[in-house]
Amino acid sequence: MEVNKILSADVLDIVFDGRNKDYGAYDLRKTYSKRMTYALVGTALLLALAFLGSFLASSLKNNDDKTEMIVQDVQLEEVKTEEPKNEPPPPPPPPKPEPPKVEMAKFTPPKIVKDEEVKEDEKPPEVEKLEETKIGTINQEGIKDEGIVAPPASDEGKGVVEAPKKVEEDWDKTFTKVEIESEYPGGTSAWQRYLNKSLRYPQDAIDNEVQGTVVVQFIVDKEGVVSNVEAISGPEELRDEAARVIKKSGKWTPAVQNGRQVKSYKKQPITFRLEVE
């Protein structure tokens, strides 16, 4: 910039001398004062509007408070209640029947006196009359006392009642339900090892992709010997192999009932499953 123009030039023109004034920074700095004026004017207008709105709102509220409320009296209709009807009182309960009088004989304490000194009413009653007569403090006529039941003649007068005889358990029968079921020796883990070692998947079942669970029923006697082996459910192609494995399983641990080893039925499931490649 020439020297004679520097004194009269604006500071912004001096700063951007020889630079691209079309760049946004030059325009922003040049219009800074104008934008600041617009911002201040706009802020002042917003504050004035806010103040005016608050003033109007308070004025309207004061007007609402001065509004009188009109309360109208409401006449309630008189509710007529029905007078209770005079119902007759319930009839009194019937009198309880008096218990029948039981024939009673006066108890006379024994005394050792002469025969001529004993009055007629003080003589003790005869033993035959006392069998069906109640002993009391007075003599009274009435029905026979049936509350005393003599022991049966078969007891020979001893009044002994025999307790019911204890039914002995038939320990030789085959139990269907027991307290502790029979199991393969060694438990579940030993049973799985035996199956993995002994089970042979039938070739027909493999070819036809047959798989499933076969339930085998058999009897385990008191010594643990297996008998009456029968496959009762499951695919037909797998039943013979499941029965064969049970028959070859050896002795089992017998079932227990009331602390005794007993002969019992056992149902053992065997699962056949094809490996998926």
Side-chain angles (χ1 to χ4, degrees), residues 90 93-94 96-97 99 144-277:
K96 295 182 180 179
K144 301 296 183 182
D145 185 13
E146 299 177 354
I148 302 174
V149 180
S154 59
D155 291 335
E156 297 180 358
K158 297 179 181 180
V160 178
V161 179
E162 294 184 0
K165 296 182 180 180
K166 186 177 180 181
V167 180
E168 292 292 334
E169 191 77 46
D170 184 9
W171 300 107
D172 293 330
K173 71 176 183 179
T174 304
F175 287 79
T176 56
K177 292 183 179 181
V178 291
E179 295 174 354
I180 302 175
E181 290 191 0
S182 58
E183 65 174 359
Y184 187 79
T188 305
S189 58
W191 173 248
Q192 291 296 331
R193 289 195 298 271
Y194 169 73
L195 287 181
N196 294 334
K197 179 181 177 181
S198 305
L199 197 62
R200 300 172 186 172
Y201 214 113
Q203 188 61 41
D204 294 342
I206 296 175
D207 296 339
N208 296 322
E209 297 182 354
V210 177
Q211 57 183 349
T213 300
V214 179
V215 178
V216 182
Q217 178 179 279
F218 51 97
I219 295 176
V220 180
D221 64 9
K222 300 177 183 179
E223 306 299 328
V225 178
V226 175
S227 62
N228 295 64
V229 181
E230 179 185 4
I232 59 175
S233 67
E236 292 290 340
E237 296 88 343
L238 305 174
R239 292 191 179 188
D240 291 341
E241 178 61 17
R244 185 191 70 82
V245 169
I246 295 294
K247 291 177 182 178
K248 298 293 183 181
S249 61
K251 286 190 176 182
W252 286 51
T253 302
V256 177
Q257 179 70 16
N258 293 334
R260 293 189 180 186
Q261 294 182 350
V262 294
K263 184 179 180 182
S264 66
Y265 285 99
K266 175 72 175 178
K267 290 183 180 180
Q268 181 65 44
I270 300 177
T271 302
F272 293 79
R273 186 174 299 167
L274 293 171
E275 295 182 0
V276 180
E277 298 180 357

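We number each residue from 1, following the sequence as shown.
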With a 6.0 Å cut-off (strictly less than), is the heavy-atom count around [atom1] of [X], excluding the residue itself, greater than 12?
{"X": "Glu181", "atom1": "CD", "answer": "no"}
{"X": "Asp240", "atom1": "CG", "answer": "no"}
{"X": "Tyr265", "atom1": "OH", "answer": "no"}

>> side-chain contact (heavy atoms from CB on, under 4.5 Å) for Asn258 and Glu179? Distances and angles first, verdict last.
In response: CA-CA 7 Å; Asn258 293 334; Glu179 295 174 354; 3.1 Å; yes

Less than 4.5 Å apart, side chain to side chain, heavy atoms only: is that true for [X] and [Y]?
{"X": "Val262", "Y": "Val256", "value": "no"}
{"X": "Lys266", "Y": "Gln217", "value": "no"}
{"X": "Glu241", "Y": "Leu199", "value": "yes"}
{"X": "Phe272", "Y": "Val214", "value": "yes"}
{"X": "Phe218", "Y": "Gln268", "value": "yes"}
{"X": "Arg200", "Y": "Arg244", "value": "yes"}
{"X": "Val220", "Y": "Val225", "value": "no"}
{"X": "Ile232", "Y": "Lys267", "value": "yes"}

> So which pairs with a foot in residues 183-198 pass side chain to side chain donor-acceptor pair (under 3.5 Å), sequence neighbours left out?
Replying inline: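 Output for this query is empty, none listed.
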
>> If you compare all heavy atoms of Trp252 against all heavy atoms of Ser249, which two are closest, and at what distance to 0.1 Å?
In response: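 Of all heavy-atom pairs spanning Trp252 and Ser249, the closest is NE1-OG, 2.8 Å.
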
> Which atom names give the shortest non-hydrogen contact between Tyr201 and Val210, and what distance separates them?
Replying inline: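 Looking at all heavy atoms of both residues, the closest pair is OH-O, 2.5 Å.
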
>> With no hydrogens and no angle check, just 3.5 Å: does a side-chain donor-acceptor pair link Thr253 and Ser182?
In response: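 No - no donor-acceptor pair under 3.5 Å links their side chains.
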
>> Enumerate the salt bridge (Lys or Arg N to Asp or Glu O under 4.0 Å) contacts for residues 206-227, please, sequence neighbours excluded, ordered by first and then second residue.
In response: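 Sorted pair list: Asp172-Lys222.
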
>> Given the ring of Phe175, does Lys173 sit roughly above its face, with NZ or CZ under 6.0 Å from the centre of the six-membered ring and within 45° of the axis?
In response: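 Yes, Lys173 and Phe175 form such a contact.
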
>> Show, in sequence, the C-alpha distance, side-chain angles and deciding distance for Lys263 and Ile219, and conclude whether the side-chain contact (heavy atoms from CB on, under 4.5 Å) test is met.
In response: CA-CA 7 Å; Lys263 184 179 180 182; Ile219 295 176; 3.6 Å; yes

>> Nearest 0.5 angstrom please: Ser264 OG to Lys177 NZ, how far?
In response: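 That separation rounds to 13.5 Å.
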
>> Using a 3.5 Å distance criterion without hydrogens, assess whether the side chain of Arg273 forms a donor-acceptor pair with backbone atoms of Gln211.
In response: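 It does not hold such a pair.
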
>> Suppose we screen for side-chain hydrogen bond (donor to acceptor under 3.5 Å, both in side chains). Which residues come up paired with Glu237, at least two apart in sequence or across chains?
In response: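 Glu237 satisfies side-chain hydrogen bond (donor to acceptor under 3.5 Å, both in side chains) with no other residue.
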
>> Set out, in order, the CA-CA distance, both residues' side-chain angles and the distance that settles side-chain contact (heavy atoms from CB on, under 4.5 Å) for Ile270 and Thr213, then state yes or no.
In response: CA-CA 5 Å; Ile270 300 177; Thr213 300; over 6 Å; no

